[in-house]
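On a predicted model such as this, the values are computed, not experimentally measured, just so you know.
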Amino acid sequence: MEALHEWNLTPKQAVALQADLAKRLESTDRIDPVEHIAGVDIGFEEEGAITRAAVVVLKWELAAVPSLTVVEQAVHREPTRMPYIPGLLSFREVPAALGAFAKLSVKPELVMVDGQGIAHPRRLGVAAHLGLWLDLPTIGIAKSRLYGKHPEVGEARGDWVPLTAGGDVIGAVLRSRAKVKPVVVSPGHRLSLDTSLTWVMRCLGRTKLPEPTHLADRLASRRGTQGQQRLYKG
DNA sequence: GCGACAG
DNA sequence: ATCTTGTCGC
């Protein structure tokens with residue numbers, strides 16, 4: 001438990017901690033009725049010297065027309081603590097993400113993160129690590145693959161193939177938009193892959209990334225949020 | 001030893 | 001991740 005509070009570690013120590021923390025991940029669904037979904041992403045300012053974490057909370061409503069509406073946003077900036085090292089991304093981004101979460105007044109039941117969940121060499125991508133810390137269900141949605149192999153995926157929206165590693169299914173490569181480069185979806189904490197895929201597809205709008213992550217991405221990079229606040233689904 | 005390598 | 005304009009397509 002105390003280990004979870006450690007962030008300033010050498011790469012070797014971080015790798016050892018990841019293997020240990022991964023044992024605590026829950027791969028079956030343990031999620032409350034979803035009313036709010038948060039999207040998280042990290043950006044940088046000052047040529048990388050400042051890490052900027054952004055979180056956007058959306059209200060999920062299943063009416064005649066399912067909808068997602070932005071209800072809160074938070075940004076947290078802090079000095080960048082370490083360089084990007086493949087496989088150790090969470091040690092660079094999670095601390096800042098926690099700073100942004102601390103500013104929220106609404107507690108989401110589900111969190112979508114830009115990056116991998118368990119589709120990681122030691123099964124602890126940034127979404128998984130953040131899920132353990134927040135003790136909330138998390139899903140990783142990455143724009144590219146870090147680990148695992150997979151056959152080619154179909155070109156239609158919704159097509160997907162399993163991402164595997166050492167005989168385990170660690171995620172899915174999903175074509176979230178027709179003919180556009182697929183995203184890598186992997187559960188983080190407290191969710192199965194099936195449930196993760198279901199939620200990602202439910203949150204898809206017109207962009208390749210699900211709305212929570214898409215909006216957080218824009219907020220993190222200061223490109224702002226364009227257009228309306230109500231995003232109709234269906 | 002030689003690649004691969006989230007953001 | 002970030003540096004950056006226009007442009008092709010639904």
Undergrad: Step by step, work out the salt bridge (Lys or Arg N to Asp or Glu O under 4.0 Å) result for A/D41 and A/R218.
TA: CA-CA 9 Å; A/D41 193 23; A/R218 299 194 64 92; over 6 Å; no

Undergrad: Verify side chain to side chain contact (heavy atoms under 4.5 Å, CB included) between A/R92 and A/R81, making sure each step is shown before the conclusion.
TA: CA-CA 6 Å; A/R92 171 174 161 91; A/R81 55 182 68 218; 5.5 Å; no

Undergrad: With a 3.5 Å distance limit and no angle check, can you tell me whether A/E26 reaches the backbone of A/P137 through a side-chain donor-acceptor pair?
TA: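 No, A/E26 side chain to A/P137 backbone: no donor-acceptor pair under 3.5 Å.
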
Undergrad: Enumerate all atom pairs, one protein N or O and one N or O from nucleotides 4-10 of chain C, separated by less than 3.5 Å.
TA:
none

Undergrad: What are the 5'-most and 3'-most nucleotides of DNA chain B lying under 4.0 Å from any heavy atom of chain A?
TA: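 Result: B/dA4 to B/dG7.
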
Undergrad: When rounded to the nearest 0.5 angstrom, what distance separates CD in A/E61 from NE2 in A/H36?
TA: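 Rounded to the nearest 0.5 Å, the CD-NE2 separation comes to 8.0 Å.
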
Undergrad: Looking at A/K143 and A/D114, is there a salt bridge between them, counting it only when a charged N and a carboxylate O are closer than 4.0 Å?
TA: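 Judged by the 4.0 Å cut-off on N to carboxylate O distance, A/D114 and A/K143 do form a salt bridge.
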
Undergrad: Under 4.0 Å, counting only non-hydrogen atoms across every strand here, what does A/V126 touch: a base, just sugar-phosphate, or nothing?
TA: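 It contacts base atoms.
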
Undergrad: Kindly indicate, with the supporting measurements, whether the criterion side chain to side chain donor-acceptor pair (under 3.5 Å) is fulfilled by A/T80 and A/T51.
TA: CA-CA 5 Å; A/T80 298; A/T51 295; 2.8 Å; yes

Undergrad: Pick one: which of A/R24, A/K107, A/R190 meets salt bridge (Lys or Arg N to Asp or Glu O under 4.0 Å) with A/D135?
TA: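 The salt bridge (Lys or Arg N to Asp or Glu O under 4.0 Å) with A/D135 is passed solely by A/R190 among A/R24, A/K107, A/R190.
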
Undergrad: Does the pair A/L58 and A/V71 meet the rule for a side chain to side chain contact (heavy atoms under 4.5 Å, CB included), with working shown?
TA: CA-CA 6 Å; A/L58 305 161; A/V71 296; over 6 Å; no

Undergrad: I need the residues from residues 88-95 of chain A with at least one non-hydrogen atom less than 4.0 Å from DNA chain C; give them sorted by number, or say none.
TA: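 Correct list: empty, so none.
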
Undergrad: Can you tell whether the side chains of A/R52 and A/E45 come within less than 4.0 Å, N to carboxylate O?
TA: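 Looking at A/E45 together with A/R52, the answer is yes, because their closest N to O distance falls below 4.0 Å.
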
Undergrad: With a 4.0 Å heavy-atom cut-off, tell me which residues in residues 38-50 of chain A come close to DNA chain C, sorted by residue number.
TA: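 Going residue by residue through residues 38-50 of chain A, the ones with a heavy atom under 4.0 Å of DNA chain C turn out to be A/G43, A/F44.
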
Undergrad: NE2/A/H76 to CG/A/L98 distance, rounded to the nearest 0.5 angstrom?
TA: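 Between A/H76 NE2 and A/L98 CG, I get 9.0 Å after rounding to 0.5 Å.
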
Undergrad: For side chain to side chain donor-acceptor pair (under 3.5 Å), just list the numbers for A/S105 and A/E72, CA-CA rounded to whole Å, side-chain angles, deciding distance to a tenth of an Å, and then say yes or no.
TA: CA-CA 8 Å; A/S105 60; A/E72 187 172 19; 3.1 Å; yes

Undergrad: Go through A/S192 and A/T195 one step at a time and tell me if the side chain to side chain donor-acceptor pair (under 3.5 Å) criterion holds.
TA: CA-CA 5 Å; A/S192 64; A/T195 301; 3.0 Å; yes

Undergrad: Could you check A/V40 against A/V111 for side chain to side chain contact (heavy atoms under 4.5 Å, CB included), going step by step and ending with a plain yes or no?
TA: CA-CA 7 Å; A/V40 194; A/V111 181; 3.6 Å; yes

Undergrad: Would you call the rings of A/W7 and A/F91 parallel, tilted or perpendicular, where under 30° means parallel and over 60° means perpendicular?
TA: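 Answer is perpendicular, since the angle exceeds 60°.
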
Undergrad: Give DNA chain B the dot-bracket treatment, 5' to 3': Watson-Crick (N1-N3 with N6-O4 or O6-N4) or G-U (N1-O2, O6-N3) under 3.5 Å, [ ] crossing, | other strand.
TA: .......

Undergrad: Please say yes or no: joined through hydrophobic side-chain contacts below 4.5 Å, possibly via intermediate residues, are A/I50 and A/I42 part of one cluster?
TA: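 Shared cluster, no.
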
Undergrad: Where along residues 135-143 of chain A does a heavy atom fall under 4.0 Å from DNA chain B?
TA: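 Of all residues in residues 135-143 of chain A, the ones placing a heavy atom under 4.0 Å from DNA chain B are A/A142, A/K143.
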
Undergrad: When hydrophobic residues are tied together by side-chain contacts of less than 4.5 Å, even through go-betweens, does A/L197 share a cluster with A/V180?
TA: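 In one cluster: no.
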
Undergrad: A/L204 and A/R157: side chain to side chain contact (heavy atoms under 4.5 Å, CB included), yes or no, with the steps?
TA: CA-CA 10 Å; A/L204 286 179; A/R157 178 193 181 102; 3.4 Å; yes

